[in-house]
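All remarks here apply to the structure that follows.
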Amino acid sequence: MKFCCVLFLLFFSFKSYAGYNANIVGKVTHVLTYTYTNHILIRLENQPSSHPACQTDYFSIDASTPDATRQQVLSRLLLAYASGEPINIGYDAEGGCSHGRMKVYRVG
């Protein structure tokens, strides 16, 4: 009985959710912001050309990202863009779109 309880707890204690499961390193060619929304669009020179669920023209920083975090990410992106240095983008390669585009979880 103990074994079954432990097995049950282990099985149901792990949360399953889509998230950051891929990385790409490239130079930023576009950083787009808009006055009517809080999301940020990013394009790399080696932008992925396929995704099972999202448009691949841009990566997206979701509008629900807290403002302070969004500002930090935007600063990193603009610095990488201005310096021409490659940046590492962590994103969801299997789903979890943001505004129809590939959702970014990490910039670094």
Sequence-distant partners of Glu85, side chain to side chain contact (heavy atoms under 4.5 Å, CB included), two or more places apart
Ser83
Judged by modelled atom types alone, do Tyr20 and Arg106 share a side-chain donor-acceptor pair under 3.5 Å?
yes
Are any of the side-chain heavy atoms of Asn21 and Tyr105 separated by less than 4.5 Å?
no
When you measure from the side chain of Glu45 to the backbone of Thr29, do you find a donor-acceptor pair of N or O atoms at a distance under 3.5 Å?
no
Closest approach of Arg101 and Asp57, non-hydrogen atoms and distance?
NE-OD1, 2.8 Å
Residues forming a salt bridge (Lys or Arg N to Asp or Glu O under 4.0 Å) with Arg43, sequence neighbours excluded
none
How about Ser60 and His39: do any of their side-chain heavy atoms sit closer than 4.5 Å?
yes
Here the pair of heavy atoms bringing Asn23 nearest to Gly90 is OD1-CA, 3.5 Å
Grab the two heavy atoms, one from Ala63 and one from Thr37, that are nearest each other, plus how far apart they are.
CB-OG1, 4.4 Å
Residues sharing Tyr91's hydrophobic cluster, by side-chain heavy-atom contacts under 4.5 Å among ILVMFWY, directly or via others?
Ile24, Val28, Val31, Ile40, Ile42, Leu44, Phe59, Ile61, Val73, Leu74, Leu77, Leu78, Tyr81, Ile87, Ile89, Met102, Val104, Val107
Can you name the closest pair of heavy atoms from His99 and Asp62 and give their distance?
NE2-OD1, 3.7 Å
When you compare the side chain of Cys54 with that of His51, does any pair of heavy atoms fall below 4.5 Å?
yes
